[in-house]
Amino acid sequence: MAIDECKDIENGLEKPFLENAKIVDCENEDGSIWMVLLSTCVAVCGSFEFGSCVGYSAPTQSEIRNDLNLTLAQYSMFGSIITIGAMIGAITSGRIADFIGRKGAMRMSAIFCITGWLAVYFSMGALVLDMGRFLTGYGIGIFSYVVPVYIAEIAPKNLRGGLTTINQLMIVCGSSVAYLLGTVITWRNLALTGILPCTFLLVGLLFIPESPRWLVSFQHEMDYIQAKVGLEKEFEVALRKLRGKDADVSREATEIQAYVDTLQSLPKTRILDLFGSKYIRSVIIGVGLMVFQQFIGINGIGFYASQTFESAGLSNSNIGTISYAVVQVPITIVGAFLMDRSGRRPLLMVSATGTFLGCFLTGASFYLKGNDILLEWVPILAVSGVLVYISAFSIGMGAVPWVIMSEIFPIHVKSAAGSLVVLVNWLGAWAVSYTFGFLMAWTSTGTFMLYAGFSVLTILFVAKVVPETKGKTLEEIQAIINS
């Protein structure tokens with residue numbers, strides 16, 4: 001395999017470091033790809049865990065409220081507190097992953113999630129239940145950062161895009177499995193199933209290498225010569241595991257060293273620096289997309305899908321929940337294929353149009369129910385609307401804002417900008433998931449029409465503000481934004 005370009009670990013910077021460097025030839029790549037695939041499979045157990053945590057509340061709402069005598073406000077807190085934990089986890093994840101390594105961060109995250117699930121399983125009241133949900137949230141907040149970073153750092157150039165999209169796919173798979181299992185097992189047993197991905201992850205981490213890029217970066221931070229030498233040897237071992245025992249890794253090792261030196265020479269950026277004229281448009285794009293991603297209602301509709309179907313009068317809400325779970329996975333795969341073919345902007349606008357239609361249909365079903373009109377059509381419209389909504393969201397609004405966010409910020413501000421964008425995203429997720437139950441109790445029709453309105457605003461925002469980043473280098477994207 002020829003790799004003549006050194007990419008940014010998160011988004012694929014196209015500018016060559018060494019113009020004609022050949023790192024590993026094709027025959028070596030074929031022999032070493034299995035370690036890359038194994039490492040990716042282990043890492044995305046964290047993504048599957050992410051989805052399991054997010055999907056847990058949808059099929060269990062009625063059962064938990066009945067068993068523990070929770071009020072609507074108490075269950076709303078339980079459903080939404082995961083986003084607060086995830087927000088804190090995501091904000092601290094960068095420093096944790098830099099200090100104890102990518103594997104160390106994943107190991108720490110798995111322990112938090114296991115502890116949280118056990119707390120949920122043994123809970124007899126709202127306090128312990130919320131504590132468990134918060135701990136799982138903190139764990140998945142770390143996973144949300146470290147898993148895609150680890151995959152991007154270990155993957156060869158020609159596989160990086162495809163392997164990174166597995167992260168989003170496994171989140172959706174985890175959510176769908178939680179939805180399906182929640183229809184056939186109790187809420188306590190469903191909590192125990194959340195421990196399984198963490199167990200696989202902890203065992204798998206024993207057999208995969210640490211990120212070579214992190215080893216070089218951490219080596220620069222060490223004061224002790226003996227520690228530096230040890231890390232340098234570990235770096236060489238890790239790189240050789242990933243590229244094959246017979247591969248010539250010397251040039252790639254030199255490139256990684258040069259890349260890390262370059263990053264460390266760039267000025268450190270604080271979050272406040274992002275609001276200067278130089279970066280403000282990138283901030284508007286990144287933050288704006290995350291605001292609209294959340295305020296079109298995904299965490300409300302997703303967390304409480306079962307309640308929505310029950311409220312619409314569906315005789316068996318499990319039918320709607322299972323349909324919701326089954327639809328997500330294939331549509332997410334389609335979206336991954338379309339992202340680099342149709343472009344980011346068209347996919348976002350088509351997706352937002354679909355979420356508008358889904359919300360409108362669901363809102364219309366509740367309007368008909370409230371006015372005793374065509375009552376036999378109410379459940380059909382509600383299920384159809386929610387399925388249209390989740391299909392549209394999965395094909396674009398779910399993944400594309402994260403991709404664009406990773407592309408629009410220069411390397412030396414990416415850490416601060418990523419923290420800001422993640423903070424806004426999880427704050428929006430908390431606001432929507434916490435208020436959904438109250439909004440539905442106030443006006444079901446108005447709730448979905450509100451989300452439909454935000455879908456329209458999303459289309460206008462993308463059309464007027466968001467640039468197309470497909471097939472462009474970081475420098476070209478910056479030129480477009482600054483112009």
Which heavy atom of Lys103 sits nearest a heavy atom of Glu210, and at what distance? N-OE1, 3.3 Å

Using atom types as modelled and distance alone, determine if a side-chain donor or acceptor of Tyr389 lies under 3.5 Å from a backbone N or O of Ile298. yes

Residues Leu348, Ile404; criterion side-chain contact (heavy atoms from CB on, under 4.5 Å); working and verdict: CA-CA 11 Å; Leu348 283 173; Ile404 291 178; 3.7 Å; yes

When you measure from the side chain of Ser93 to the backbone of Ile142, do you find a donor-acceptor pair of N or O atoms at a distance under 3.5 Å? no

Heavy-atom distance under 4.5 Å between the side chains of Phe454 and Leu457, does that happen here? yes

Let me confirm one number: the CG-CZ distance from Leu169 to Phe48, rounded to the nearest 0.5 Å. 10.5 Å

What is the ring orientation for Phe461 with Phe292, classed by angle as parallel under 30°, tilted 30 to 60°, or perpendicular over 60°? tilted

Hey, what do you get for OG1 (Thr92) to CZ (Arg95), rounding to the nearest 0.5 Å? 10.0 Å

Measure the shortest side-chain to side-chain distance between Ile390 and Thr355 over non-hydrogen atoms and say whether it is less than 4.5 angstrom. no

Interatomic spacing from CD1 in Ile171 to OG in Ser144 - rounded to 0.5 Å: 8.0 Å

Does Met131 have more than 12 heavy atoms from other residues, nucleotides or ligands lying within 6.0 Å of its CE? no

Indicate the atoms forming the closest heavy-atom contact of Cys41 with Val44, along with that distance. O-CG2, 3.3 Å

Just by modelled atom types, is the Ser433 backbone N or O under 3.5 Å from a matching donor or acceptor in the Ser80 side chain? no

Contact check, side chains of Asn425 and Trp402, non-hydrogen atoms, under 4.5 Å: yes

Indicate yes or no: at least one non-hydrogen side-chain atom of Leu289 is less than 4.5 angstrom from one of Val466. yes

Could you grab the distance from atom SG of Cys113 to atom CG of Leu118, nearest 0.5 Å is fine? 11.0 Å

Correct closest heavy-atom pair for Ser391 and Val327 would be OG-CG1, 2.9 Å

Walk me through it: do Gln294 and Trp430 pass the test side-chain contact (heavy atoms from CB on, under 4.5 Å)? CA-CA 9 Å; Gln294 293 304 321; Trp430 173 79; over 6 Å; no

Is there a side-chain contact between Ser76 and Phe436 (heavy atoms, below 4.5 Å)? no

Heavy-atom closest contact (Glu468 atom, Arg344 atom, distance): OE2-N, 2.9 Å

Should Phe393 and Ile296 count as side-chain neighbours, where that means a heavy-atom distance under 4.5 Å? yes

Sub-4.5 Å side-chain heavy-atom contact between Trp117 and Cys53: yes

If I take atom CG from residue Leu129 and atom OG from residue Ser123, how far apart are they, to the nearest 0.5 angstrom? 4.0 Å

Could you tell me if Tyr434 and Thr83 have a donor-acceptor pair between their side chains, going purely by distance under 3.5 Å? no

What closest approach, in Å, do Tyr145 and Ala97 show between heavy atoms, and which atom pair accounts for it? CE2-CB, 4.0 Å

Verify, without hydrogens or angle tests, whether Trp426 (side chain) and Ile84 (backbone) share a donor-acceptor contact under 3.5 angstrom. no

I'd like to check Tyr179 versus Thr183 (side-chain heavy atoms, cut-off strictly below 4.5 Å). Are they in contact? no

If you take all heavy atoms of Ala178 and Tyr56, which pair is closest and at what distance? CB-N, 4.2 Å

To the closest 0.5 Å, what do you measure between OG1 (Thr332) and CD1 (Ile395)? 9.0 Å

Would you give me the side-chain donor-acceptor pairs under 3.5 Å for residues 190-208, sequence neighbours excluded?
unit_1: Thr193; atom_1: OG1; unit_2: Leu190; atom_2: O; d: 2.5
unit_1: Thr199; atom_1: OG1; unit_2: Ile195; atom_2: O; d: 3.0

When you measure from the side chain of Arg345 to the backbone N and O of Pro467, does any donor-acceptor pair fall under 3.5 Å? no

Can you list the steps and then say if Tyr75 with Thr60 is a side-chain contact (heavy atoms from CB on, under 4.5 Å)? CA-CA 11 Å; Tyr75 191 83; Thr60 58; 3.7 Å; yes

What verdict does the side-chain contact (heavy atoms from CB on, under 4.5 Å) test give for Ile82 and Phe134, after you've listed the backbone C-alpha separation in whole Å, the side-chain angles of each residue and the deciding distance to 0.1 Å? CA-CA 5 Å; Ile82 188 175; Phe134 176 84; over 6 Å; no

Does Arg133 make a cation-pi contact with Phe78 (under 6.0 Å, within 45 degrees of the axis)? yes

With a 6.0 Å cut-off on ring centres, are Phe143 and Phe50 close enough? no

